[in-house]
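Here the structure comes first, spelled out in structure tokens, and everything after it is commentary.
Keep in mind that this is a model prediction, so the values were computed, not measured.
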Amino acid sequence: MQAACQLATFSGDRKACNGREVLAYAEAGPASDLRPDGPGPGERLVELRRLQMDALRLYVHLGDRLHVPPAEGLADRVRAARQLGSIWVLYLTEGQITSVAYALYLRGMGGSAAEANRFAREYGVAFRPDRSAGSVRVVRLP
């Protein structure tokens, strides 16, 4: 282990295995209580593919700069998401699921709608243009 630390240096004599850096990195990650083993009351299991998770992270990052910000607690859930192979696992409330659908709608407007369409099929929530109001509206699918 020490040999690996000696080989992995950032520059000069500063070692990558600095204990303070390891502690700072661990503290910056999600708290273990944010990583539930299963859905809590009013939550559903949501599994996202990489591109869906990328779109959701961008949406959460933009946060309050958007006219429709992420649902309360969604940023914490994104940070606490677990990756299982190529799938990201989250436990979300209905409001947070609606926010995910909106994030994927935004991605679809600027690129591919495949992620939003897949999410709509799997979770029954999508955003569609409402031409009469000149905006978008949430649609619950069967």
Side-chain angles (χ1 to χ4, degrees), residues 1-130 133-142:
M1 177 79 136
Q2 187 174 359
C5 288
Q6 290 174 346
L7 291 175
T9 60
F10 289 112
S11 64
D13 60 357
R14 184 166 180 224
K15 295 179 181 173
C17 293
N18 185 324
R20 287 180 298 222
E21 291 175 1
V22 171
L23 290 174
Y25 187 83
E27 289 172 2
S32 61
D33 61 341
L34 293 177
R35 290 182 175 217
D37 291 329
E43 295 178 340
R44 288 174 48 194
L45 169 69
V46 173
E47 296 178 340
L48 301 177
R49 293 173 183 239
R50 184 182 58 82
L51 292 176
Q52 291 172 315
M53 192 64 175
D54 290 347
L56 181 56
R57 281 193 186 108
L58 178 58
Y59 177 66
V60 166
H61 173 73
L62 293 172
D64 293 334
R65 291 186 276 173
L66 298 170
H67 179 69
V68 179
E72 185 175 333
L74 183 59
D76 289 334
R77 292 301 180 165
V78 168
R79 281 191 292 278
R82 283 191 250 168
Q83 186 176 9
L84 300 175
S86 63
I87 301 295
W88 289 90
V89 176
L90 304 94
Y91 299 106
L92 304 177
T93 65
E94 287 303 315
Q96 293 167 341
I97 290 171
T98 301
S99 277
V100 173
Y102 187 69
L104 297 174
Y105 165 79
L106 293 176
R107 176 172 171 74
M109 293 295 98
S112 170
E115 292 85 14
N117 292 338
R118 178 184 304 278
F119 188 82
R121 283 191 309 273
E122 292 176 353
Y123 300 100
V125 182
F127 278 81
R128 302 284 188 248
D130 183 352
S135 62
V136 296
R137 62 183 170 87
V138 66
V139 176
R140 304 280 175 193
L141 307 172

If we check side chain to side chain contact (heavy atoms under 4.5 Å, CB included) with Val125, which of these qualifies: Ile97, Leu141, Val139?
Ile97
Ala71 to Gly95 - nearest heavy-atom pair and separation
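Closest approach of Ala71 to Gly95, heavy atoms only: CB-O, 3.6 Å.
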On a heavy-atom basis, the closest approach of Glu122 and Glu47 is OE1-O, 4.1 Å
Dump the intermediate steps for side chain to side chain contact (heavy atoms under 4.5 Å, CB included) on Tyr59 and Val68, then the final yes or no.
CA-CA 10 Å; Tyr59 177 66; Val68 179; 4.1 Å; yes
Tell me whether the count of non-hydrogen atoms from other residues, nucleotides or ligands lying under 6.0 Å of CZ in Arg44 goes above 12.
yes
In terms of heavy-atom contacts, does CD of Glu72 have more than 12 from other residues, nucleotides or ligands at under 6.0 Å?
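Not buried by this count: 12 neighbours or fewer within 6.0 Å.
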Contact check, side chains of Tyr123 and Arg118, non-hydrogen atoms, under 4.5 Å
no
Heavy-atom side-chain contact between Leu48 and Val46 under 4.5 Å:
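Yes - at least one pair of side-chain heavy atoms lies under 4.5 Å apart.
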Determine, step by step, whether Arg82 and Trp88 satisfy the side chain to side chain contact (heavy atoms under 4.5 Å, CB included) criterion, reporting the C-alpha distance in whole Å, the side-chain angles of both residues, the deciding distance to 0.1 Å, and the verdict.
CA-CA 6 Å; Arg82 283 191 250 168; Trp88 289 90; 5.9 Å; no
Rounded to the nearest 0.5 Å, how far does [atom2] of [Y] lie from [atom1] of [X]?
X: Leu62; Y: Leu106; atom1: CG; atom2: CG; value: 9.0 Å
X: Leu104; Y: Met53; atom1: CG; atom2: CE; value: 11.0 Å
X: Tyr102; Y: His67; atom1: OH; atom2: NE2; value: 7.5 Å
X: Leu56; Y: Leu90; atom1: CG; atom2: CG; value: 7.0 Å
X: Arg140; Y: Glu94; atom1: CZ; atom2: CD; value: 6.0 Å
X: Leu92; Y: Glu43; atom1: CG; atom2: CD; value: 7.5 Å

Answer yes if the side chains of Arg77 and Ser99 hold a donor-acceptor pair under 3.5 Å, and no otherwise.
no
Ring geometry between Phe127 and Tyr105 (parallel below 30°, tilted from 30 to 60°, perpendicular above 60°):
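Tilted.
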For the side-chain hydrogen bond (donor to acceptor under 3.5 Å, both in side chains) test, which of Arg107, Arg50, Arg49 pairs with Glu115?
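Among Arg107, Arg50, Arg49, the one that satisfies the side-chain hydrogen bond (donor to acceptor under 3.5 Å, both in side chains) with Glu115 is Arg107.
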